Amino acid sequence: MTEYAPPLTDIRFVLEDVCDLPGLLQQDDFNHVEADMVFAVLDEVGRFAAEVIAPTNVDGDQIGAQWHAGNDESDGWAHVTTPDSFRSAYSKLVDSGFNAIPFEPDYGGGGFPWLVALAVQEMFTSGNMAFALCNLLTQGSIDALQHHGSSELKSTYLPKMLTGEWSGTMNLSEPQAGSDVGAVATQAVPTNRGDSSYAITGTKIWITHGEQDLTDNIIHLVLARTPDAKPGTRGISMFLVPKYLPNDDGTLGERNDVEVVSIEHKLGIHGSPTCVLSFGEKHNVDNNGAIGWLVGDEFTGMANMFTMMNNARLSVGLQGLSMAEMAYQHSLAYAHQRLQGTAPGAERGVQSPIVEHPDVRRMLMTQRSWIDAMRYLMYFNGAMLDRSRSSDAEVAEWSTRLAALLIPMSKSIGADVGNELTSMALQIFGGMGYVEETGASQYMRDIRIAAIYEGTNGIQGQDLVMRKLGGDAGSTVNTFLDSFADTIARLAADPSTATFAAQLTSSFGDARRASDWLNNADSTIDKLGGATPYTRLLGTALAGALCGKALLAAKAHLDAGELGAVDRAFYEGKIVNARFFGEQILPATSGLAVTVMAGSADLFAVDL
């Protein structure tokens, strides 16, 4: 199954009513963008995702990316091919201009908010996660170059990266340096070429779209050590290493000394080549290695890379939303088609669609409500990234703090819940979900990686507890929780949402108690032992609060009257989804709080 119905009405609702897009567009950076323009662009993006990208999804899974040893035709270079449908779709994507939507107009970008780029990412990823990963990494590379690259590097590389003619990658991991980036051993030595370049030697692993046949050039951002580097992360610098060295006129010149040694055979995202790259082994351009240029100052590589990684972590969380949306659409369609058993109240002896069975309804409602909650959380996170650029210093400072707090939760909640919901969708398919022909299993296989890459979810929890929560003694957490006092009061005043309000109050209490316990814990092991359940607890509580905000917005639309039947049903559905989340999912925070505060003694009580 490859059919995809882009959730454009849902996206418009969250942009306008949860993230205040009209207010965001008044910000100096975005006042050239009109709301009608945003929604016209997103309509076209949705059509493109459904008609061009989604049909490539099965090819990506069944044909996948293929590694080929070097031969005469490739001038001796090993290379990777993707399915024919990928190349056709990518060519159309370059023609569309969608890649450039959120980037600087100086280099050909549209200057739209990052919030809008997230909506584009969501729809592209739902269409084909493996295909969309190429754009995700390119966008991260562009972001790093915009912030840290020299004027010369920007003018040379950004225009064609913005169009998508050239792609980008991030090269951190090595065989001995996975999550422990401080163990990076790749070397960078100044050359005698007279162009401020360095010779790069080493091996990088897990490089997404590190080699492919979709783009004319691939721009690798590589972490490496210069001769005087200190040990650990303080000695790491970032270098730009292109697959082809551009000529002065911008055309492609000599092939750089970067080669794909192999690609991984993975559980999912088969269409996305996950590469082992060798730098400086062929000595074809310089006897000392591949040619690269310093990005930013020497020894600032980790800080520069985090410019990419923060946005990438939000985008990985968004992958969970995207796959959950696609899996939900297909499981809902199947639940209406599949006849099995007699539902309560149905005519005896007549098989009912399984959508009429209460347990199936619970699974579908759980999917619906979590999908809404994730979209609210992640888009709100994106809006805070945009507001961190505000000319109002107070708004910028608060938005920066809040965006940083939310990113580990967006990543972890998206990845974990995405895994849970795609599994739940497969369960609705029953035995047919366990066989490949329905496609239900692909969503579960594809999204499994999200909890692992861009920093495992355990690392996200450590970041949240040790840096974000502990960094200001819980000030940002508590201030954000306080900001929902009016939302809770308004929910409590309506008998139909009073239970939701009471549960939200209780969940906020769970979050405050767990936060205080972690901040007051003397043992680092106790803090780290509670980090993962705390991330789920706080993320669930905040997602619930945003559901409350969305519920009130939907109610305001209904109270305003003069709605057609379709719009009325939409807003009524938003209210039911939010109330279901508040009454039947939020209560999990009480158990998570107990787990957070249990301490680490039993974690180390037995030999493992």
Side-chain angles (χ1 to χ4, degrees), residues 18-19 310 313-314 317 373-374 376-385 387-388 394-414 416-417 455 457-489 501 503-524 526-549 581-582 585-598:
V18 178
C19 299
N310 279 332
R313 286 173 173 178
L314 176 54
M374 287 194 288
Y376 301 152
L377 177 66
M378 292 167 200
Y379 280 50
F380 188 88
N381 197 164
M384 289 302 103
L385 288 172
R387 290 191 165 92
S388 70
E394 187 175 342
V395 170
E397 189 272 338
W398 167 246
S399 300
T400 299
R401 286 169 53 196
L402 187 52
L405 174 74
L406 293 174
I407 279 174
M409 286 179 279
S410 291
K411 197 274 187 184
S412 293
I413 292 285
D416 282 342
V417 175
N457 282 6
I459 289 174
Q460 304 308 311
Q462 292 177 33
D463 176 49
L464 177 62
V465 168
M466 303 303 290
R467 295 187 181 91
K468 309 301 170 54
L469 175 68
D472 64 5
S475 173
T476 304
V477 170
N478 287 320
T479 301
F480 192 41
L481 292 173
D482 290 343
S483 73
F484 289 100
D486 181 64
T487 297
I488 294 174
Q503 181 56 58
L504 191 54
T505 300
S506 177
S507 292
F508 274 21
D510 295 331
R512 292 184 195 277
R513 284 193 302 277
S515 298
D516 290 344
W517 188 90
L518 289 166
N519 275 328
N520 293 325
D522 293 327
S523 167
T524 299
D526 282 345
K527 293 175 186 285
L528 296 178
T532 293
Y534 176 76
T535 305
R536 182 64 174 254
L537 188 168
L538 185 60
T540 302
L542 294 178
L546 292 169
C547 283
K549 181 177 179 179
F581 192 95
I585 293 176
L586 262 185
T589 60
S590 62
L592 289 165
V594 172
T595 304
V596 171
M597 297 184 289

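Computed from a predicted model, the values in this text were never measured in an experiment. Position 1 is the first residue of the sequence; numbering continues from there.
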* Is any side-chain heavy atom of Leu314 closer than 4.5 Å to a side-chain heavy atom of Leu385? -> yes
Are the side chain of [X] and the backbone of [Y] linked by a donor-acceptor contact shorter than 3.5 Å?
X	Y	result
Gln462	Ala531	no
Asp510	Ala593	no
Ser399	Ala396	no

Residues that [X] engages under salt bridge (Lys or Arg N to Asp or Glu O under 4.0 Å), provided they are two or more places apart:
X	result
Arg387	Asp20
Asp472	Arg401
Asp522	none

Would you mind listing every salt bridge (Lys or Arg N to Asp or Glu O under 4.0 Å) that reaches into [range], with sequence neighbours excluded?
range	answer
residues 586-597	none
residues 457-467	Asp463-Arg467, Asp463-Lys468
residues 540-549	none

* Using the test side-chain contact (heavy atoms from CB on, under 4.5 Å), find all partners of Leu481 that sit at least two apart in sequence or belong to another chain. =>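 Val477, Asn478, Phe508, Ala511, Arg512, Leu542.
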How long is the gap from [atom1] on [X] to [atom2] on [Y], to the nearest 0.5 Å?
X	Y	atom1	atom2	value
Leu546	Cys19	CG	SG	8.0 Å
Leu518	Met466	CG	CE	9.5 Å
Ile413	Met378	CD1	CE	8.0 Å
Lys527	Thr524	NZ	OG1	7.0 Å
Leu537	Arg513	CG	CZ	9.0 Å
Leu538	Leu405	CG	CG	6.0 Å

Who pairs with [X] by side-chain hydrogen bond (donor to acceptor under 3.5 Å, both in side chains), at least two apart in sequence or on another chain?
X	answer
Asn457	Lys411, Asp416
Tyr534	Ser515
Arg536	Glu420
Asp516	none

Restricting to non-hydrogen atoms, name the atom on [X] and the atom on [Y] that form the minimum distance, rounded to 0.1 Å.
X	Y	result
Leu464	Pro408	CB-CG, 4.0 Å
Leu504	Gly544	CD1-C, 4.0 Å
Gly470	Asn519	CA-OD1, 3.5 Å
Thr535	Ser412	CG2-CB, 3.8 Å
Ala514	Val596	CB-CG1, 4.0 Å

* For the pair Val18 and Tyr379, evaluate side chain to side chain contact (heavy atoms under 4.5 Å, CB included) and give the outcome as yes or no after the intermediate values. => CA-CA 8 Å; Val18 178; Tyr379 280 50; over 6 Å; no
* Asked: Side chains of Thr589 and Ser507: do they bring a donor and an acceptor to under 3.5 Å?
  ->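 Thr589 vs Ser507: donor-acceptor pair found between side chains.
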* To do: Classify the side-chain pair Asn381/Ser410 by whether it contains a donor and acceptor separated by less than 3.5 Å.
  => yes
* To do: Would you please name every residue forming a ring pair (Phe, Tyr, Trp, His ring centres under 6.0 Å) with Phe480, sequence neighbours left out?
  => Phe380, Phe484
* Check against side chain to side chain contact (heavy atoms under 4.5 Å, CB included), Val594 and Ser590 -> CA-CA 7 Å; Val594 172; Ser590 62; over 6 Å; no
* To do: Determine, step by step, whether Leu586 and Thr540 satisfy the side chain to side chain contact (heavy atoms under 4.5 Å, CB included) criterion, reporting the C-alpha distance in whole Å, the side-chain angles of both residues, the deciding distance to 0.1 Å, and the verdict.
  => CA-CA 7 Å; Leu586 262 185; Thr540 302; 4.1 Å; yes
